[in-house]
2 protein chains.
Amino acid sequence: MSKQELEVVDQTGGCCPGLTSAPLDAEQAVDLAKVFKALGDPVRLRLLSMIASRDGGEVCVCEMTPAFELSQPTISHHLKLLRQAGLIDCERRGTWVYYWALPAALDRLASVLRAPLSAGATT
Amino acid sequence: MSKQELEVVDQTGGCCPGLTSAPLDAEQAVDLAKVFKALGDPVRLRLLSMIASRDGGEVCVCEMTPAFELSQPTISHHLKLLRQAGLIDCERRGTWVYYWALPAALDRLASVLRAPLSAGATT
DNA sequence: GCCATGGATCGAAGAACGTCAAGATAGAAG
DNA sequence: CTTCTATCTTGACGTTCTTCGATCCATGGC
């Protein structure tokens, strides 16, 4: 896996500490909450899952919309929220728009949630 | 029959396939979204962090309330939501109420978010 | 140029959420 | 039993979210 050009580990200002290592400060909490809020809707979770489970490829909007019993503007709206949360990105290619996942964002969240391996009673 | 035989909690098995391994079905998405929604508020994230970063011990409400510029009922409300999401639990002990984290819930979420280590992560 | 198609944006209706003040409940101390 | 402290619950208010229909923008084909 290729690394980004950022060698520092705390680039996002909330990436590293983790929920379980120390109390989150207010600013980190606001930042993280935005991303978790984006995941706090079943439609967005399914959209993200559809996209992220195709790590190699993109998913066309025209493929996602009919998978839900929702209007096209609603799907578009949810995709926008996922994009604003930094979880996915998209590109127009001809007539169609393709979305792909940004795995680093998911990894960051997982790291925040995952208790340190040595957590618990260390003594 | 309340619970089906789906008691396997193996993170790679039937319970938590993970966002990135296959598209989430609607029911799983609704279930997961409830937990992520509980994390989608900065106050709740900080509360959970305060509690979870003391894995060995509990945190008294009397210790959490003054950490926020919010009324005590509001804190109580957020703690209730975290408890309903299965992220924390509590017990009254004398005059005070103590909360502690349920690390298995956090682990489950992390597993859902984390791309499968051996499969698909080809970036 | 014109039209058809895929997607995004706008504005509005209804539901859900975060917050507080006021009241209720549980235990401790006198 | 009464009172006090710590916490939870209730009811209400304003804000935010989800969803939709209608409309607009971008691209490709004629």
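Labels below follow one simple rule: chain letters A, B, ... track the order of the sequence lines, proteins then strands, and each chain is numbered from 1. Please read these numbers as outputs of a predicted model, since none were measured by experiment.
Distance, A:Glu69 CD to D:dT18 P: 19 Å, rounded to whole Å. A straight line from CD of B:Gln84 to C1' of D:dT9 spans 12 Å, rounded to a whole angstrom.
The CG atom of B:Leu39 sits 9.0 Å away from atom CG of A:Leu39, with the distance rounded to the nearest 0.5 Å. To the nearest 0.5 Å, atoms CD1 (B:Ile88) and CZ (B:Arg44) are separated by 10.5 Å.
Between A:Ser53 and B:Pro23, the closest side-chain pair of non-hydrogen atoms falls below 4.5 Å. Counting only heavy atoms from C-beta outward, the side chains of A:Phe36 and A:Leu109 approach each other to under 4.5 Å. For the pair A:Leu48/A:Leu106, a side-chain contact is recorded, criterion being any heavy-atom separation below 4.5 Å from C-beta on.
Contact annotation for B:Leu81: backbone-only contact, meaning every heavy-atom pair under 4.0 Å involves sugar-phosphate atoms and none involves a base. A:Tyr99 comes within contact range of the sugar-phosphate backbone alone, with a heavy-atom separation under 4.0 Å but no base atom that close.
Applying a 4.0 Å cut-off to non-hydrogen atoms, none of the residues of residues 32-49 of chain B approaches DNA chain D. DNA chain D lies under 4.0 Å from at least one heavy atom of each of the following residues of residues 71-78 of chain A: A:Ser71, A:Pro73, A:Thr74, A:His77, A:His78.
Scanning for salt bridge (Lys or Arg N to Asp or Glu O under 4.0 Å) contacts around B:Asp31 gives B:Arg108, with sequence neighbours left out.
Counting 5' to 3', DNA chain C first comes under 4.0 angstrom of a heavy atom of chain A and last does so at the ends given by C:dG6 to C:dT9.
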Q. What string of B, S and - do you get for nucleotides 24-30 of chain D, 5' to 3', if B is base contact, S is sugar-phosphate-only contact and - is no contact with any protein heavy atom under 4.0 Å?
A. --BSS--

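Salt-bridge formation is detected for the pair A:Arg114/B:Asp107: a Lys NZ or Arg NE/NH1/NH2 atom is positioned less than 4.0 Å from an Asp or Glu carboxylate oxygen.
Note on B:Ile75: it does not cluster hydrophobically with A:Val30, by side-chain heavy-atom contacts below 4.5 Å among ILVMFWY residues. In the hydrophobic clustering of this structure, B:Tyr98 does not group with B:Leu81; members are Ile, Leu, Val, Met, Phe, Trp, Tyr whose side-chain heavy atoms approach within less than 4.5 Å, directly or through other members.
For residues 59-83 of chain A, the salt bridge (charged side-chain N to carboxylate O under 4.0 Å, His left out) pairs, not counting sequence neighbours, are A:Arg54-A:Glu63.
Between A:Leu70 and B:Arg83, the one whose closest nucleotide on DNA chain D sits nearer the 5' end is B:Arg83.
When each of B:Arg46, B:Met64, B:Glu58 is paired with B:Ile51, the side chain to side chain contact (heavy atoms under 4.5 Å, CB included) condition holds for B:Met64 and for no other. Tested against A:Tyr99, the residues A:Leu47, A:Leu79, A:Leu87 include a single side chain to side chain contact (heavy atoms under 4.5 Å, CB included) partner, A:Leu79.
Contact between A:Val43 and A:Asp41 at its shortest, heavy atoms only, is N-OD1, 2.8 Å.
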